[in-house]
Every structure is written in C-alpha cells, then in structure tokens.
Number of protein chains: 2
Amino acid sequence: MSGGVEWGLHCCVALSGMTEPVPAAKLAEFHDVSPTYLAKQLQALSRAGLVHSTQGQAGGYALTRDAAEISVLAVVEAIDGPQSAFRCTEVRQRGPLAAPPESCTLPCGIATVMGRADRAWRDALAGVSIADLAADVGRNVGAGTLPAVRAWLSS
Amino acid sequence: MSGGVEWGLHCCVALSGMTEPVPAAKLAEFHDVSPTYLAKQLQALSRAGLVHSTQGQAGGYALTRDAAEISVLAVVEAIDGPQSAFRCTEVRQRGPLAAPPESCTLPCGIATVMGRADRAWRDALAGVSIADLAADVGRNVGAGTLPAVRAWLSS
DNA sequence: GCTGACGTACTCGGATAACGTTTGTCCGAGTCCGATAGG
DNA sequence: CCTATCGGACTCGGACAAACGTTATCCGAGTACGTCAGC
C-alpha cells in the first residue's frame, strides 16, 4: 500500500474541526514531511471530492463535509486507488488443459476467496470515520492536543 | 500484493491429491508461466515448509501435509511475506508539535484501524484451505477436471 | 470619501526525474536413477 | 545371478539483471487580497 495514505489520513484528522482552509505547505511543515509530495496526496483527495481547495492568498484545503461523514476507506481509496490488492490473471484459461472461456463465467475459487478477504478489509475500514480517529487522539494523548494543533495551523 | 501469489496458490491446488513429486518445469508448462520465476515462488513455499522438495531424476515438489491442513493465508504469507500492507511511520512523533515518545506506548488510532482491517483480511484467508479450493474446482468446471490434471502432471 | 482597476504574492495543479521493489533470468551445487563391471 | 560402483542427467537453490510502480521534485496556471488612482 502506498505510504502516502498515512499522511492523507493524518491530514484529514488535522483538518477536522478546522473552519478556515489550511495550505499544503503548512500541513507538510506540521507533519515534517516533503511538501511537494504531500501536495500530490492532497490533490488526490481533492479529485475524489473529500477536500475542497481554494486558491489565492488565504487559500488552502478544507474538508468538504463533516469528519463523521468521511470514512477511512474513502481516504484510502482516494489515494491508493479503488482496485483490490489481488488481481486475477485467469491462469485457468492458459496452458495445455486450459478451460474454455465460456465455462469461466463466474470467478474461480481463488479470486472468490481473495475478493471476500478484500471485502472484509474494506468493511473494517468503512466502519471508522475521521471523527472517530480525532476522538481517539483526544482520548489517548490528551484532550488539549487537538485545540493546540488547531491553533498552530491557524497561525 | 505480489502477483506470484496466484501462481503459488494454483500450484498448491494442482499438487493436492498428487502422490509423486512434480517438477517445477512441469508446473510451469501446465500453467503457461515463466519456469524460472515460478521456481522462485516454489522455493519460497519450500522455505516456509509448505512443500517438500526432492532432488534427482524423479524429484520435484510435493505438499508436506494434507491440503485440508494448508490455509490460503499460509501460502500468501509464504510468498508475500508476513508483514502487513500498512506500515506506521509514527508521524505523530515528528514536526513542531511532536508527541514525546514516552506518550506513544500504544499504537495511534490510524495504526489500530489498519491493524484491525489487516486482521479481518487474514482471518478471511485463514478460513479457507487448499482442499476447499480444489473442491470448488470440481464443483464449478466439472468433477473430471482434477483427475485429468493429475494424469497430465504424472505423464 | 467611495469605487474601480491593477499589481503582486500566494495558492493549487499537472508534467517531469530518481529510487526501490517486484518481476524475470541465469548458472552452479546436489542428488537420484540406470548402466556396467566384477564376484 | 546378485551386488557394488560409476557415470550421467535431471532436480533444486541462490546469486544476478531489467521493468514497473512508488517516491520525490519542479515549474506553470489561476485566484484572492491589498494598493492606488480616479471620480
């Protein structure tokens, strides 16, 4: 999985509860990561419609909807792509004893199992929202953390 | 995920119910894939202890235990490695408002969610065995398929 | 004093290189089977 | 006829390149704000 997913997730958490847009450069400085590369991830989020970008002097990125309405899965799919990790190459249709294509209307057992596993993975990710993650931060490292982050990003 | 996983899975299914060892070259010809690269995957399976390799003229690969005792997860981890797709880089410990390491004893919310999803994925894969896959082949493309494959691999 | 246009500085967005992992290949070490020669 | 030895060919195993995808970077297009001139 692309490592930028983690950055995108952290950015969404930081953006949650933010009223004014935050520039990509500031988010990069806050997380201490490459500004240009983080910009790429944010562009992907923008293309997926999760964040809204405004240009100009006071521009930046902001969530398009409430953090409770954005699932972790949405962020992952926006950055990493919606395709499954497993890609069936239809091995059964190759070789000397290849099965004829007309008998391969439904996916083979291997693809079925992989598809089920992938679905379970996505379900687990879909059940958690950015708001849940933000609440977890307040619970684990202190309730005053998020307001402090918010103040830093505003300055 | 590594594409060789699919090959390894198909090989394990083909090997199930086989009494004598099958050379890697024959498995490659049967599946119509690169012989040298498939050999690499089989070596990984051998290292993981899923298959046993015998050298010499009538040598080849054979399952070390019954197909019902080999889970899909075991094959996947043997080829792709046991590490999770997501790797936490501890972003929270970086930047101007970095959390002190002593307050990061337990994983952050993002890592927790990802870990849960990964576990769900692995559970789905652990619940299916190679024998299940073989039975599925007989059910879907015809009961006579596996004996035919077995005969071809023996010749 | 108010309104309009202008310039500037800041923002995002897509096109462009460098690195690492996966994919693919090769040759050497080891081993079993068959043939052969001797008892 | 049986047995021990030798030769050969086939097997796996790990070390060695090429290709793709991810990582990282740059520069250009566009926009909002602040300023200034005109009314």
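Chain identifiers are assigned alphabetically (A, B, ...) following the order of the sequence lines, protein sequences preceding nucleic acid strands; residue numbering begins at 1 within each chain. Please read all numbers here as calculations on a predicted model, not as lab measurements.
- For the pair B/Glu6 (side chain) and A/Thr89 (backbone), a donor-acceptor distance under 3.5 Å is present.
- Of the side-chain N and O atoms in A/Ser46, none sit less than 4.0 angstrom from OP1 or OP2 of C/dC12.
- Proximity of B/Arg47 to the phosphate of D/dG14: a side-chain N or O atom is located under 4.0 Å from OP1 or OP2.
- Atom NE2 of B/His52 and atom P of C/dT31 are 12 Å apart (whole Å).
- Within residues 69-92 of chain A, no residue has any heavy atom closer than 4.0 Å to DNA chain D.
- Atom pair A/Gln57:CD and C/dC10:C1' shows a separation of 6 Å (rounding to whole Å applied).
- At a non-hydrogen distance threshold of 4.0 Å, B/Pro23, B/Ala24, B/Lys40, B/Gln43 from residues 19-45 of chain B come into contact with DNA chain D.
- For the pair B/Arg94 (side chain) and A/Asp32 (backbone), a donor-acceptor distance under 3.5 Å is present.
- Summarising the local packing, CZ of A/Arg87 is surrounded by 12 or fewer heavy atoms from other residues, nucleotides or ligands at distances under 6.0 Å.
- Ion pairing between B/Asp118 and B/Arg122 holds under the 4.0 Å rule for side-chain N and carboxylate O.
- Contact check, A/Ser53 against C/dG13: a side-chain N or O comes under 4.0 Å of OP1 or OP2.
- Listed nucleotides C/dG24, D/dC12, D/dT23 differ in distance to B/Tyr61; the shortest reach to its side chain belongs to D/dC12.
- Look at CD on B/Gln55: it is 6 Å from C1' on C/dT31, rounded to the nearest Å.
- Counting heavy-atom neighbours within 6.0 Å of B/Arg119 CZ, excluding the residue itself, gives a total of 12 or less.
- The cationic group of A/Lys40 does not satisfy the cation-pi geometry with A/Trp7, failing either the under 6.0 Å distance to the six-membered ring centre or the 45° limit from the ring axis.
- No side-chain N or O of B/Ser129 forms a donor-acceptor pair with one of B/Glu69 less than 3.5 Å apart.
- In this structure a side-chain-to-backbone donor-acceptor pair under 3.5 Å is missing from B/Ser2 to B/Asp80.
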